[in-house]
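Written out below as structure tokens is the structure these notes cover.
Since we're looking at a predicted model, the values are computed, not measured.
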Amino acid sequence: MLLTHTGRPRAALATAARARGPRPLPPRVAALVLIREAHATALLGARHAPRELIGQAGSLFLDGVSRRDPPWAWWLDEAELLGHRGWVLARVGDTRRAVPALHRAATAPGPSYRHLFTAQLLAALVRAGAWRDAERLVADLAPRARTIGSARTTEVLGHLAHRLREPGAAPGYLRDAAVHLLESLPAPRAGAAPPPDGR
């Protein structure tokens, strides 16, 4: 995921391929590899393959946990899978399906690192031109933005807010909301750069 976040989808695919060995991977681990491949192929411009890969990951997830799955795979649950499905759909431009999936994942109870799905939901709403929905999400997010512990999430939100402030990028009310969000986010880490594609 870090390789795709930093704009290196080919390296991400190579890393995912190295995870496979002579024996089949445990189902949850195989699902994680497929999720990584779906993101990377979407960033490389594919439209059909990412959907197929995320669908295969969903099928493996539905098979349930096996005795071979490692204990660290606990965090791949239904909300996590749904969030990645929505994110991949957003990457391939299917915001109509992406937004409901990201919304469900972002509002599901769970660990705080899932704020990343909220950031991706905002990106999808902006991409779809759903300005009022984006404004409502920013208004909900800004009061708690300072408590977001994920640098990746705050980078995505900061990048989006900067883009929304550009003249003509969004209606005035959303530009104002973006300014408020920027003021509410924790200070960026030294040397942090915005994501290459805002996704």
Side-chain angles (χ1 to χ4, degrees), residues 1-5 9 12-13 15-16 19-20 24-43 46-128 130 133-134 136-138 140-141 144-145 147-157 160 195 198-199:
M1 289 304 287
L2 180 60
L3 291 168
T4 56
H5 176 68
L13 279 177
T15 300
R20 293 191 172 89
L25 292 169
R28 289 290 158 98
V29 177
L32 290 170
V33 171
L34 289 165
I35 289 168
R36 271 58 176 160
E37 290 174 333
H39 282 287
T41 55
L43 281 182
R47 291 295 168 258
H48 181 67
R51 294 171 191 265
E52 233 176 46
L53 290 163
I54 203 72
Q56 290 171 17
S59 294
L60 282 173
F61 177 82
L62 290 175
D63 287 344
V65 179
S66 83
R67 288 176 305 181
R68 294 178 51 235
D69 278 307
W72 55 258
W74 65 266
W75 57 269
L76 182 58
D77 61 11
E78 190 175 346
E80 185 76 16
L81 181 64
L82 187 62
H84 283 288
R85 180 178 178 276
W87 191 357
V88 167
L89 289 170
R91 286 189 191 275
V92 300
D94 188 354
T95 52
R96 186 175 65 82
R97 288 188 175 90
V99 166
L102 284 166
H103 183 268
R104 282 179 45 213
T107 56
S112 61
Y113 61 76
R114 290 201 180 135
H115 285 305
L116 186 56
F117 296 139
T118 306
Q120 295 306 325
L121 173 59
L122 179 59
L125 290 170
V126 168
R127 218 170 288 129
D133 289 336
R136 280 191 287 273
L137 183 57
V138 169
D140 175 63
L141 188 58
R144 51 196 170 94
T147 65
I148 295 173
S150 163
R152 190 164 54 144
T153 300
T154 56
E155 284 173 17
V156 171
L157 289 171
L160 279 167
R199 295 182 274 185

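Residues Ala119 and Leu160 approach most closely at O-CD1, 3.6 Å, considering heavy atoms. Arg47 and Arg51 get closest at one heavy-atom pair: O-NE, 3.4 Å. Nearest heavy-atom pair across Leu76 and Ala31 is CD2-CB, 3.8 Å. Residues Ala19 and Leu25 share a closest heavy-atom pair of O-CD2, 3.4 Å. The shortest non-hydrogen separation linking Phe117 to Ala105 is CD1-CB, 3.9 Å. Shortest non-hydrogen contact noted between Gly58 and Leu81 is CA-CD2, 3.6 Å.
For the salt bridge (charged side-chain N to carboxylate O under 4.0 Å, His left out) with Glu80, the qualifying choice from Arg114, Arg85, Arg104, Arg28 is Arg114, the only one to do so.
Atoms OG1 and CG, on Thr15 and Leu3 in that order, are 5.0 Å from each other to the nearest 0.5 Å. A distance of 4.5 Å separates OG1 of Thr107 from NE2 of His103, quoted to the nearest 0.5 Å. Rounding to the nearest 0.5 Å gives a distance of 8.0 Å between CG of Leu102 and CG of Leu89. Atom-to-atom distance recorded for Leu157:CG and Leu116:CG is 8.5 Å, nearest 0.5 angstrom. Annotation: the span from Leu125 atom CG to Thr95 atom OG1 amounts to 9.0 Å, rounded to 0.5 Å. Atom CG of residue Leu13 and atom CG of residue Leu43 lie 9.5 Å apart, to the nearest 0.5 angstrom.
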N/O donor to acceptor pairs below 3.5 angstrom from side-chain atoms of residues 32-42, sequence neighbours left out:
unit_1	atom_1	unit_2	atom_2	d
Glu37	OE1	Arg20	NH2	3.1
Glu37	OE2	Arg20	NH1	2.6
Glu37	OE2	Arg20	NH2	3.4
His39	ND1	Arg91	NE	2.9
His39	NE2	His84	ND1	2.9
Thr41	OG1	Glu37	O	2.9
Thr41	OG1	Ala38	O	3.1

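In this structure, Arg68 has no salt bridge (Lys or Arg N to Asp or Glu O under 4.0 Å) partners at least two apart in sequence or on a different chain.
No donor-acceptor distance shorter than 3.5 angstrom exists from the side chain of Thr153 to the backbone of Gly149, with no hydrogens or angles considered. For the pair Arg97 (side chain) and Gly86 (backbone), a donor-acceptor distance under 3.5 Å is absent.
The side-chain heavy atoms of Asp69 and Ser66, taken from C-beta on, include a pair separated by under 4.5 Å.
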